There are 2 protein chains.
Amino acid sequence: MSLEHAILGFLNYHPYTGYDLKKIFDHSVQHFWAADQSQIYRTLARLKENGWTEVEKVPQEDHPDRKVYHITESGKAELRRWLLAPPPMEPPRSAPLIQVFFSGQLSNEEVLAKFESFVAIMQHILAQYEAIPAQIAEYQRDVPSPREHFFWLLTLENGIANMRANLAWAQSVIERIKNGQVPEK
Amino acid sequence: MSLEHAILGFLNYHPYTGYDLKKIFDHSVQHFWAADQSQIYRTLARLKENGWTEVEKVPQEDHPDRKVYHITESGKAELRRWLLAPPPMEPPRSAPLIQVFFSGQLSNEEVLAKFESFVAIMQHILAQYEAIPAQIAEYQRDVPSPREHFFWLLTLENGIANMRANLAWAQSVIERIKNGQVPEK
DNA sequence: ATCTTATATATGCTTAATCTTATATTATCA
DNA sequence: TGATAATATAAGATTAAGCATATATAAGAT
């Protein structure tokens, strides 16, 4: 139900269409909540059924009519309720760690290659994160608030902190393999 | 499809029933891949359809018959293929970060409470992690291999590293709130 | 005496998410 | 000329997962 509230959060800043929201998601929250286009549209429909949004139809020539979603008072109340509710923590889930768990049956060379590819992927993700501050700053055009901007950047900080922790972990494993600190049997 | 391969991984150690596997999951991989009982049974059925396992029916008095799943040669090959494949990284997904992203509209007191509850939750999770080494060590009864044991513990190391990074991040946010470093508007 | 837990498997129902495809026009690029 | 991208919305199909419930017996706890 998190996508619902993420969308409500943006609609609380400004009325948007599904098309707008897809672009905004891709440029601001993608590092912790990527959203599929069809899922945004379906969730928007549900938000309307719940009475949390209202639709303004904006006719256009040459293009399909825009359906601009506005948050309602009820939607604002729901957003605030959710923001104040306990953090919706989910149990951690990592498919790569399944590979690690069963890596004992691989050779040291194969394990080394695996962890080196972890490192490469994480470095790549960290490099991609470098583009995000500019994208987030751009969104200040819609919402020119240093306070809001501060919290947006906190989410990126968190992503970077996690990725660095993962990177340091993988590098320490590589060291241990190279130093012969991994039991052979 | 990760649960499939996690189950294959355990069946490669030893033949098990769905009931066995549920208990093993709860004691060894729960910190990065919690598995639902019904999901384990359904996945076991699929594994058999794929020819990756074979079932040995063990009749019992007083209790339902046990269906012991054995990995096949084809299952072993599939497991090895998957272990050597690139890490199945998934885009990060964090509902709590959605709350953070939109926290600008809360008061500093409310935000402080939110981050303090993050800290409490993460400390609680870290405390729970302390019980895991003993549980994992216990599984050495089935699989007495120091090498396997080493990789099992690596997954816990990763969880701890991530949780500590999250904790340090939340604590630094609390400091900034208390020091008046958060923009008011 | 009753309740809960352990042993053991399985189905029903629901849902968020993902991927694919449909529709229709305009503009841009090669 | 042909292909792709941008603008805009939406439905179809599939799936992993999660939660509840069914069945049946035995052992242990209150």
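Lettering follows sequence order; numbering is per chain, from 1. Here the structure is a predicted model, which is why all the values come from computation and not from measurement.
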Over 60° means perpendicular and under 30° means parallel, so tell me whether Phe10(A) and Tyr13(A) are parallel, tilted or perpendicular.
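Because their plane-to-plane angle is over 60°, the rings of Phe10(A) and Tyr13(A) count as perpendicular.
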
Angle between ring planes, Tyr139(B) versus Trp152(B), binned at 30° and 60°: parallel, tilted or perpendicular?
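Taking Trp152(B) first and then Tyr139(B), their aromatic rings sit tilted (interplane angle of 30° to 60°).
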
In whole Å, what is the span from the [atom1] atom of [X] to the [atom2] atom of [N]?
{"X": "Ile7(B)", "N": "dA16(D)", "atom1": "CD1", "atom2": "C1'", "value": "12 Å"}
{"X": "Leu44(B)", "N": "dA10(C)", "atom1": "CG", "atom2": "C1'", "value": "12 Å"}
{"X": "Phe25(B)", "N": "dG18(D)", "atom1": "CZ", "atom2": "P", "value": "12 Å"}
{"X": "Glu90(B)", "N": "dA17(C)", "atom1": "CD", "atom2": "P", "value": "13 Å"}
{"X": "Arg46(B)", "N": "dT11(C)", "atom1": "CZ", "atom2": "P", "value": "14 Å"}
{"X": "Leu47(B)", "N": "dA10(C)", "atom1": "CG", "atom2": "P", "value": "14 Å"}
{"X": "Met1(A)", "N": "dG18(D)", "atom1": "CE", "atom2": "C1'", "value": "14 Å"}
{"X": "Asn50(B)", "N": "dT15(D)", "atom1": "CG", "atom2": "C1'", "value": "15 Å"}

When only distance counts, do a donor and an acceptor, one from the side chain of Arg42(B) and one from the base of dG12(C), lie under 3.5 Å apart?
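Under the 3.5 Å cut-off, the side chain and the base do form a donor-acceptor pair.
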
Taking only side-chain N and O atoms of [X], does any of them lie within less than 4.0 angstrom of OP1 or OP2 on [N]?
{"X": "Arg93(B)", "N": "dA17(C)", "result": "yes"}
{"X": "Tyr41(B)", "N": "dT9(C)", "result": "yes"}
{"X": "Gln39(B)", "N": "dA16(D)", "result": "no"}
{"X": "Gln60(A)", "N": "dT7(D)", "result": "no"}
{"X": "Lys23(B)", "N": "dT7(C)", "result": "yes"}

Please tell me which of Thr43(A) and Gln37(B) maps to the more 5' nucleotide of DNA chain C, matching each residue to the nucleotide holding its nearest heavy atom.
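So the residue in question is Gln37(B).
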
I want to confirm an ordering. Mapping Glu4(A) and Gly18(B) to their closest nucleotides on DNA chain C, which one lands closer to the 5' end?
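Result: Gly18(B).
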
Every protein N/O within reach of nucleotides 24-28 of chain D N/O, cut-off under 3.5 Å:
unit_1: dA26(D); atom_1: OP1; unit_2: Asp62(B); atom_2: OD1; d: 3.3

Trp33(B) has a side chain; which of dA17(D), dA17(C), dT7(D) sits nearest to it?
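That would be dA17(D).
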
When we call it a touch if two heavy atoms are under 4.0 Å apart, what does Ser38(B) touch: a base, just sugar-phosphate, or nothing?
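Base, at least one base heavy atom under 4.0 Å.
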
Whether the His70(B) and Glu56(B) side chains hold a donor-acceptor pair (N or O, under 3.5 Å, no angle test) is what I'd like checked.
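Side chains of His70(B) and Glu56(B): pair found under 3.5 Å.
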
Can a donor-acceptor pair be found between the side chains of His5(B) and Gln99(A) at a distance below 3.5 Å?
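Note: His5(B) and Gln99(A) side chains miss the donor-acceptor criterion.
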
Using purine N1 to pyrimidine N3 plus N6-O4 or O6-N4 for Watson-Crick, or N1-O2 and O6-N3 for G-U wobble, both under 3.5 Å, which nucleotide pairs with dA29(D)?
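Base partner found: dT2(C).
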
Base-pairing assignment for dC13(C) (Watson-Crick or G-U wobble, both under 3.5 Å):
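Base-paired to dG18(D).
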
Using 4.0 Å as the upper bound for N to carboxylate O, is an ion pair formed by [Y] and [X]?
{"X": "Arg80(B)", "Y": "Glu110(A)", "result": "yes"}
{"X": "Glu175(B)", "Y": "Lys178(B)", "result": "no"}
{"X": "Lys48(B)", "Y": "Glu54(B)", "result": "no"}

Comparing Asp36(A) and Arg66(A) on DNA chain D - which has the more 5′ nearest nucleotide:
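Whichever sits nearer the 5' end wins; that is Arg66(A).
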
Keeping Tyr129(B) on the side-chain end and Met163(B) on the backbone end, is there a donor-acceptor pair under 3.5 Å?
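Flag not set: sc Tyr129(B) to bb Met163(B) has no pair under 3.5 Å.
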
